[in-house]
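Have a look at the structure below, then the notes.
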Amino acid sequence: MTVQTSPLVTPALQHEIEQFLYAEAALLDERRFDAWLALFTPDVDYRVPAARELDAPDDPQAPRLMHFEDDLTGLRLRVGRLASKAAWTEQPPPMTRRAVTNVRVTPGDDGELEVRSYFLLYHVRRAPAVDLLAGTRRDTLRRAGAGLQIRRRIVWLDQGTIVINPLSVLF
Amino acid sequence: MRGLGGAVTLSAMNAQPNPPALPIELEALLHERGALDPQVYVDPQIHALERERVFGRSWLLLAHESHLPGAGSFVTATMGEDPVVVTRGDDGTIVAFLNQCRHRGVPICRLDEGRARSFTCSYHGWTYDSRGQLVTIPNEARLFRCPVDRAAYSAVRVPRIESRHGLVFGCWDPLAPTLEEWLGEARLYFDLAFDRPGGSEALPGISRRVVAADWKFGAEQFATDNFHAPFTHASAFAALRAAMPPEATTPDIDTLRKPLMQMSSTRGHGMGFADDRKVAEGFGKLGPHIHAWLFGPRIEYLTAKYGAEAREIFPIHMNFFPNTGALYPFELRAWQPRGPGRMEVWSWLLVDRAAPDEVKRELRIQHQRAFGVAGMAELDDTYNWVEAQRVLSGFRASRSRFNAELGTTEPDPRELVIERAPSEAGGRRFFRRWAEMLVGETTRGGAA
């Protein structure tokens, strides 16, 4: 078999998108949440479905239980909580490191870009316990001035039962 | 000890003529004295007894009927730490059986849910039908001396199954009271929480998480504790105050300032609730569609069915003994023990079947934002429980004595007590019921 890649995805475009995702990961790991929030379009649709162990994967658009289902207001609330001095889960905050890989780009309609990537989250709340959580993100990116913004994000976590609790991180 | 050694004996399965000496003194719990020995959260022997005597004899939440939509549909669940398969048969009835092959014990179903006519063990191919009956054994005539006894070697059936308002419960004890008797006088409170216009439905999916804390931390909190909210959830409230335009949809913190009432039962059930009319104002910001539904069609349905009293009981947080919790109007959860000091939280999102889609959508969003696995309130609750449990790994720490005196009054002989919150009566009565079951008393009642 063969794998087809779009000729529209130039090395420069691939590089640009990878740099965007790396920068985003750094904002979260460095806890610069307001800057992270600015990466989303005002009409953002952000979802993390609750995975199940099934024969076939679910339709992500079907009404179903979600770990996150947020618009910009919802994301702003979560960031606001993290910034509060009374956010007990952040005293001290967990140490996190996000590795983003396997970035695959598909040009979409209206100049939007469909971007799939893998991530591996390294998470330490209280040593010696070290937690790992991997997942896939499917983003729809949109041009905004000289840069990119996230219009839609669906995150599939590779854990049917969430093991890191409390899970006070963003994806 | 008062109330022990009642007339009704233990069920045959659990009968122990000489129960082992308990590793802790339960007197304070049995008499609701307001002192709590934290060994209840850590001791392996307590945990082993609890598996047998509490989870082996109580009505336990298995599933929601809407997750079993037709003949042949199944879900897997746990009763305590025992894995079970819950199926709907051709006649529409629901049965449950241990998820364990009777040959060498391999689970016969490995999926969370689906449809199946039969379940085949992956080890030697023993096959069971959708009611757990052993049907075929490969090469049986050639390999076995005689036909294997189907009745003796079918999957172990859960002897008691009952549904109420769509919630499916199972119980291992053939002598246990009916679910209705189990709820006792708290039945009305259960009904007002789960009887929904058009019936209730659970959205597809269950949210599950491992929490490194004993299940009783969650169960007791849901039964009795609203007074933690201003402290534990200060960050969520701060974010709401700061970020929200007045017309936006958000759970309203003012609800917590309304006069809250506490229901507690000697059967171990507890609920915090408030007057419908007082809650209505505070719930305005939960979402315009939710508000119109809760205080329109929902309350009309409930008052028509249960009378004007329904208006005085807007359920907020609750736990039905032992491990069925709920947060009205959206969440149903089970606190699943996973060894001493460890649990899984399973949560279902409940909606009223007759509610418009927009109401269901708002409920879904509000639920995950506040109480989902990454919910702004849930995070800080979880961290409290995990941190408390961590400290209890210390020798001296696990021999402290915890205070549970809030709202202590003279012992009240009534099964059901309604009082102004805050009160830890719901927690004291949860632990009293738990202690009663642990020392081997009858499953029949609450008050002796």
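Chain identifiers are assigned alphabetically (A, B, ...) following the order of the sequence lines, protein sequences preceding nucleic acid strands; residue numbering begins at 1 within each chain.
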Taking only residues two or more places apart in sequence, or in another chain, which ones meet B:A77 in a side chain to side chain contact (heavy atoms under 4.5 Å, CB included)? B:V84, B:V86, B:W346

Against chain B, work out which of A:E90, A:R126, A:R125 has the most heavy-atom pairs shorter than 4.5 Å and name it. A:R126

Can you confirm whether the side chains of B:R353 and B:S66 place a donor and an acceptor under 3.5 Å from each other? no

Engaged part of B:E344 at the chain A interface, taking heavy atoms whose separation is under 4.5 Å: side chain

Heavy-atom pairs under 4.5 Å with chain A - which of B:N384, B:L379, B:V386 has more of them than the others? B:L379

Indicate whether any N or O donor in one side chain lies under 3.5 Å from an N or O acceptor in the other, for B:T76 and B:N99. no

Heavy atoms only, distances under 4.5 angstrom: which of B:A202, B:A374, B:A213, B:A212 has the most pairs with chain A? Name it, please. B:A374

For A:T41 and A:R151, does a side-chain donor sit closer than 3.5 Å to a side-chain acceptor? no

If you compare all heavy atoms of A:R81 against all heavy atoms of B:M376, which two are closest, and at what distance to 0.1 Å? NE-O, 3.3 Å

B:V345, B:T232, B:D357: which one forms the most heavy-atom pairs within less than 4.5 Å of chain A? B:T232

